[in-house]
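The structure under discussion appears below in the form of structure tokens.
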Amino acid sequence: MRDSNSPSGFATRAIHHGYDPLDHGGSLAPPVHMTSTFVFGSADQGGAIFAGEAPGHVYSRISNPTLDLLEQRMASLEGAEAGLATGSGIGAITASLWTILQPGDEIIVDETLYGCTFSFLHHGLEKFGVIVTHCDLTEPDTLRRAISNRTKVVYFETPANPNMRLVDIDAIAKIAKSADALVMVDNTYATPVLTRPIERGADLVVHSATKYLGGHGDLVGGIVVGCKELIDEIRLYGLKDMTGAVMAPMTAMLILRGLKTLELRMERHCSSAQTVAEALASHPAVASVLYPGLSSFAQRELADLQMTTEAGPAYGGMIALELHGGIEAGKALIDGLSMIHCAVSLGDAETLIQHPASMTHSPYTPEERIRHGISDGLVRLSVGLEAVDDIIADLIVSLDALS
Ligand code: MET
């Protein structure tokens, strides 16, 4: 028997945490509260809820019971106190940063970021007087030299979209703490199945829930988790007043459904990606494969420490590759595929391939892409849940045709 004081396993919490069917008429699946507003029992009660003096919901831009459940469940899976669901991953990032930063504050970010995160920082925050400083966070000493008392946030992705750079969360968090800066991690690629940044010292974790959390390519959503005080502020300021980036209840239901199989799906994404990465690495048309599970991966040691499941290290479902023929060969690879679709997004059941320089990372100028480590020849593969032999066969046929 499980010791009732020990926390339940990941999959158990992903399926049960925060919900008792007997509190909801026995409904096994949680109800979807499709409502914009909430009725008060009296004027006084309404006033008390608005003032935060009584529990209850007011309006679905601020909170909703279906979103509450998702928020609690994601907080549990990430080891955080509280969570806030948003209309997209960018909604989670913008609501958080608009809340935390003031004009004159600095945010230090890694060199490589997802394209729309990069453009929010440079076209959004900078316009309002926030200083955005890029720093090579794969080398923690560069942060030690750059950080100062004007630094309020240190932000990064690990693995980074699209070039798979890893950032040592423990090392960065120690340096950030010494300067009283918050650490915010985009954990979309790894998911809490593989990496739980809060346990390693991060303050906030953001996700595009569109990806592995939802897992089926049928929704757009985001989530941020962290301590209750900060999440409450992000809800009441960044979400309610600044962005209005609200998640719909139906979307929350789909993500709750996705979470139930997250661990199971990640196991398959990881094992298939490992097999695909190994198969691609030995193909003559391939110049390099970036996948944390390969022995050739420069940060393999960090991957082994930071990307681990209850069963041991596992390296995710994302692969980046460079072909000898550069960008033209990359386009020919994509166009020569039969089963694998050319599309942005990731973490779906379907294997997806795309060209970051012209697609997800096109908000960077060509010069910025060079400076930030996103080469024109890079192709990004999100390994899906199909039979792995079929994924490999599709890729090999197209690669063989290149030579
Ligand atoms: N964030 C997604 C990706 O990296 C979608 C991007 S392009 C609008 O694929």
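Atoms within each ligand, like the ligands themselves, are counted from 1 in listed order. On a predicted model such as this, the values are computed, not experimentally measured, just so you know.
Contact between Ser345 and ligand 1 is present, with at least one heavy atom of the residue lying under 4.0 Å from the ligand.
Per-residue contacts place Arg380 under 4.0 angstrom from the following atoms of ligand 1 (heavy atoms of the residue considered): 3 (C), 4 (O), 9 (O). Residue contact check: Thr360 has heavy atoms under 4.0 Å from atoms 3 (C), 4 (O), 6 (C), 7 (S), 9 (O) of ligand 1.
Under 4.0 angstrom from ligand 1, there are no non-hydrogen atoms of Thr210. Contact annotation for Lys211 and ligand 1: only side-chain heavy atoms (C-beta onward) come within less than 4.0 Å of the ligand.
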Trace of the side chain to side chain contact (heavy atoms under 4.5 Å, CB included) decision for Glu322 with Val379: CA-CA 6 Å; Glu322 297 266 2; Val379 174; over 6 Å; no
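Closest to atom 5 (C) of ligand 1, if we only count protein heavy atoms, is Tyr114 OH, 3.6 Å.
The N/O atoms of Gln354, backbone and side chain alike, include none that comes under 3.5 Å of an N/O atom in ligand 1.
Listed by chain and number, the residues in a salt bridge (Lys or Arg N to Asp or Glu O under 4.0 Å) with Asp390 amount to none (sequence neighbours excluded). For Ser338, the side-chain contact (heavy atoms from CB on, under 4.5 Å) partners two or more places apart in sequence, or in a different chain, are Asp394.
Between His269 and Tyr212, the angle of the ring planes goes over 60°, which puts this pair in the perpendicular group of the 30/60° scheme. Taking the six-membered ring for Trp and thresholds of 30 and 60 degrees, Tyr364 and Phe118 have nearly parallel ring planes, at less than 30 degrees apart.
Under a 4.0 Å N-O distance rule, the pair Glu71/Arg235 qualifies as a salt bridge.
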